[in-house]
Structures are given as structure tokens and as C-alpha cells.
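Numbered from 1 within each chain, the chains take letters A, B, ... in sequence-line order. Every heavy atom of this structure was used, including side-chain atoms; hydrogens, water molecules and symmetry mates were not. These numbers come from a predicted model, not from an experiment.
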2 protein chains.
Amino acid sequence: MKEGPDIAAIASLIGDPARANMLLALMSGEALTASELAQEAGVAAPTASEHLLKLRDGGLLAVEKQGRHRYYRIADASVASAIESLTGLSEMIRPRRTRPGPKEPALRMARVCYDHLAGDMGVRLYDALIAGKVLRPNGQSLDITRKGAERLSNIGLDLSAIAKARRPVCKPCLDWSARRYHLAGGLGAAIFTLICDKGWARRESASRVVTFTKRGIEQFHDAFGVSR
Amino acid sequence: MKEGPDIAAIASLIGDPARANMLLALMSGEALTASELAQEAGVAAPTASEHLLKLRDGGLLAVEKQGRHRYYRIADASVASAIESLTGLSEMIRPRRTRPGPKEPALRMARVCYDHLAGDMGVRLYDALIAGKVLRPNGQSLDITRKGAERLSNIGLDLSAIAKARRPVCKPCLDWSARRYHLAGGLGAAIFTLICDKGWARRESASRVVTFTKRGIEQFHDAFGVSR
DNA sequence: TTCATGCTTCGGTTTTAGCCGAAGCATCTT
DNA sequence: AAGATGCTTCGGCTAAAACCGAAGCATGAA
């Protein structure tokens, strides 16, 4: 009777509490084993296995076999993007379920969204790249300008490697805390890796929080032309 | 055990086929009665009533009583944004469930997203407003520049009325077909209304498709500085 | 007032999804 | 080769939710 996209199938996959917890745990970007995810979801191993099968079949998760472990991860940045969007919606609808919580401000400031930088810092990076004409909106996508490519290369990014990978280079991703966009895609991921490699910031273990060092912020601002 | 955002509750609301169909039907922006939505979802009246209660309690829909009818509509633009995001995800995961379908290209070109313009035309409008410095990203939101305000007024928009309304003036909204942003918020809605009032485009009945007239496209391009 | 219409509440049926214990495979360790 | 570990499949239980017909409540029309 209906011919539209079946968002119901995907939404109901995310709609189970156990599966939602698994997905949120994987939003930190690191791959987790089936048993870790069972623990995270608060269910027994067989139940978790069932859920993981569904998530995999539904295309939300990808799995990698490694010895006798199976590592699950978010399948694609657009999956992460949808989860961010739902997070934003739930924040909007139920503004304060619990008190803000100690990690909350840190999360809003800077966090990992699957494999790239989100939060206030991520949004400001995105804006700076547009304003500085490193990226230019072009019809259906974002292009890297000539000057932008030069500048990014100077910072230490290997653009040709990024371009060679099959995933899209630039993608916007809606940020739940700021209600603005941040940069996803291959370039977004590469920039985040760079930030960590240079020691400008480090990820808090077992959380999505990203902590910048004092000097790291300065260098980050200088490198990408982010206004402070 | 978990303290994260309750995305499962919201996702499971969207995850029921009947409710998803209702939401998709309402994405055209117009308010529909309970019986129309029952029809749309393919269920009997009592069942629909149950679903609508849940959607309302969940904060996804707002209702307005009018005589003996009850008109339901999407509660907020961020709800529309999340639904768009899920639509995009389902397109990505199941690239071609059915053959493209006749309306598909038209939808990608221009469509209604709740109450504003989306699709290729919407994205290009958004880009043009940024590039033409009518709107300027500013930290957490989008500002209208002084020159931009002048220009928009000349076209025939009543900015003070938009500013007086309680809803945010400018909001970006992620476009599933283009994977880019288009303009939502009070300004986005006002511009779309203007486009229809001036006869540049009209909405196809009972669908989200927006059809521009030949002359309408020209005038639209000229008015907002959209590159062709 | 009386009737019709739109919607909701009530009661009861049926389907399905989530869950786990036990058993089965595969892989690594000793 | 024997045992331990990580994960999945199987079988069966249970609880929840989707569904509708019938009845109840408003509101508008005659």
C-alpha cells in the first residue's frame, strides 16, 4: 500500500533498548566484541547474539572476525549521523532527564562521533573550513578547493590517500548538541586522526569525550583557522 | 545501568510501520485529521487513535482541536530533521527497493520538508544564501547579515514578523537526497510560502513534490542569487 | 431535541519479539 | 589430545503490543 522508504524497519532496529545501548556504545568509534556489547546492553550472550545478527542484517553494523573474537562496529558514517540525529531529538523532547552530569559539558565541547570530531569544536572546525574557503559547497557535495588542498597537505594530511578510499571524502553530519553541522567522511576522519597523532587532544577511555590540551587548542586553531 | 539519552524510546515510536506511515504523511507539512492518518496508515480508527496518543505523548506530534476534528502535525522541525535523517539512512542501506519510480526524480529535485523547501532546489538556495552573505554561520547558529536583511525585505519578506514568532529563525536541516543542508526555521518556511504565493512553484496535491514553473525558476534564481 | 459524525476508551484475541539455559562449533591454549 | 573460551543455534517460555468490534463521548447539523 505504501511505497515510501521503510524507515520503520530501521527505526525499529534502533528502537530496542538493548540494541540502542549497543549502538551508543559503538559511537565511540572503536570496535567491540560480542561479549562486550552483551555486557553493555545488559543481556545474556545468546540474546546479544540475536540482536547483533539483526543489526548486521539491517546494515547498521559491520563485523570483523579476529581469532575467536568478533569485532562489531558502526557500518557507515551515515548510520552514525542518524544516531546523532535521534540523540538530538531525544535531548530536545526530554530536556533534562537526569541532572546534567559531570561529563555532559565535556561531551558538548568535544566528542567522537564514530570516527570524527563532533561537539562545539567539531562545529567550529566545520565553519572555519567553509569560511576559510578550504571547502566549498558545490551542488550536491562539498569540494576541497585548490588552496584548501595545499593548506591541508601542509598540515600533514595525505589527501590522495583519502581520495583513493572508497568512502566519500566530505560529508556533513548534524550535531545534536549544537544543532549545527560538523565534518564527517574520509576527510573528517583523517583530521581527527591527525589531531590525536599530534597530541593536540586525546580520547578519554570508554567514553566519547575528547580532551584537548591547552597547547593543542592553540595549534588546532592556528592550523585550521578556527576563530577563538 | 545506562545513563545515555533515551534514543530507544523515540526510535521505537518511529519503528512501527503504521506510525512511520503517519509521520511520513505528515512530512508534507500539512496537518491531517485522525481519520486521514488512519487511512494513511492502513489501520482502523481505534488503532490509529492508540498510535496517535503515543506519538503525542512522545512529543513527536502536536494536536490542534478544530470543531469535531483533531488535526495532527509534526511537533517540531527537529522531529522532521530526524525523520529525514532516517530516510537518508534507509536509502543508503537499501539503495533500490523498488524501481526508481516516476516521482522519485521530482522528489529529489524539489520537495516539501515539513514546511520549507528541500531537495536540490532547497540545497542550492541554502548555499546561495551563505555564499551571497545573506546568512552567516555564527558559533551555534545562523545570523542574517545587515545586507541580507535588506535584500530579503526587498523581495517581500516580513522579517520582523518572522523574528517575533517564537520559533528559531534559521535552522539547517539535513537533506536525505542531496546529503547536504537546506534551510529550515521561520525564515525557511517564510521563503517557501513566498515562492508559492508568487506562483513560482506549486505543491502537488497529496505528495511532497514541488513543481517549479519555467518562469518561476528564473525568478527564483534571480531573487536569491542561486547559480544555475 | 434528535441524529450523524469524528474520535477515543474498553475488552479480548493473536501475534511476535525479547529473553535465557542448554547444547553445538570454532578457535586458541596447554 | 584435552580443555578453555567466545560466539552462535535451538527450544521453549513470557510479556508486550498491535489490532479490531462494540460501546461511549463529545461536537456540529437538522
Among [options], which nucleotide has an atom closest to any side-chain atom of [X]?
X	options	answer
A:His51	D:dT27, D:dC20, C:dG18	C:dG18
A:Arg70	C:dA17, C:dT27, D:dT8	D:dT8
B:Tyr72	C:dT5, C:dG18, C:dT8	C:dT8
B:Ser49	C:dC19, C:dT8, D:dT8	C:dT8
B:Ala44	D:dC20, D:dC19, C:dG6	D:dC20
B:Arg68	C:dC20, C:dT9, D:dA29	D:dA29

(request) Using only side-chain N and O atoms of B:Thr47, determine if any of them is under 4.0 Å from OP1 or OP2 of D:dC20. (result)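 Yes, because at least one side-chain N or O of B:Thr47 sits under 4.0 Å from OP1 or OP2 of D:dC20.
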
(request) Using a cut-off of strictly less than 4.0 Å, decide whether A:Lys65 has a side-chain nitrogen or oxygen near OP1 or OP2 of C:dT27. (result)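 So the side chain of A:Lys65 is within the cut-off, an N or O lying under 4.0 Å from OP1 or OP2 of C:dT27.
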
(request) Mind telling me whether A:Phe220 and A:Trp200 have parallel, tilted or perpendicular rings, with 30° and 60° as the class edges? (result)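 Judged by the thresholds at 30° and 60°, the geometry between A:Trp200 and A:Phe220 is perpendicular.
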
(message) Students often mix this up, so state it plainly: with edges at 30° and 60°, are the rings of A:His69 and A:Tyr71 parallel, tilted or perpendicular?
(response)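 Judged by the thresholds at 30° and 60°, the geometry between A:His69 and A:Tyr71 is tilted.
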
To the nearest Å, how far apart are [X] [atom1] and [N] [atom2]?
X	N	atom1	atom2	answer
A:Lys54	C:dT16	NZ	P	12 Å
A:Asp57	D:dT8	CG	P	12 Å
A:Glu50	D:dG6	CD	C1'	18 Å
B:His69	C:dG6	NE2	P	6 Å
A:Asp16	C:dT16	CG	P	17 Å
B:Glu36	C:dG6	CD	P	10 Å
A:Gln39	C:dC20	CD	C1'	17 Å
B:Leu52	D:dA17	CG	C1'	16 Å

(message) Both A:Tyr71 and B:Val43 contact DNA chain D. Which one's nearest nucleotide lies toward the 5' end?
(response)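 Closer to the 5' end of DNA chain D: A:Tyr71.
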
(message) Using the rule given for side chain to side chain contact (heavy atoms under 4.5 Å, CB included), can you reason through B:Tyr72 versus B:Leu55, listing the C-alpha separation, both sets of side-chain angles and the distance that settles it, and then say yes or no?
(response) CA-CA 10 Å; B:Tyr72 287 86; B:Leu55 288 171; over 6 Å; no

(request) Please assess B:His182 against B:Leu125 for the test side chain to side chain contact (heavy atoms under 4.5 Å, CB included), listing each intermediate value before the final yes or no. (result) CA-CA 7 Å; B:His182 59 248; B:Leu125 169 64; over 6 Å; no

(message) On DNA chain C, compare the nucleotides closest to B:Ala34 and A:Pro46; which residue's is nearer the 5' end?
(response)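 Its nearest nucleotide lies further toward 5', so the answer is B:Ala34.
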
(request) Name the residue closer to the 5' end of DNA chain C, choosing between A:Gly67 and A:Ala18 according to the nucleotide with the nearest heavy atom. (result)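 The answer here is A:Ala18.
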
(message) Please determine whether a side-chain nitrogen of the Lys or Arg among A:Asp115 and A:Arg167 lies less than 4.0 Å from a carboxylate oxygen of the Asp or Glu.
(response)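 Here A:Asp115 pairs with A:Arg167 in a salt bridge, since their nearest N and O are under 4.0 Å apart.
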
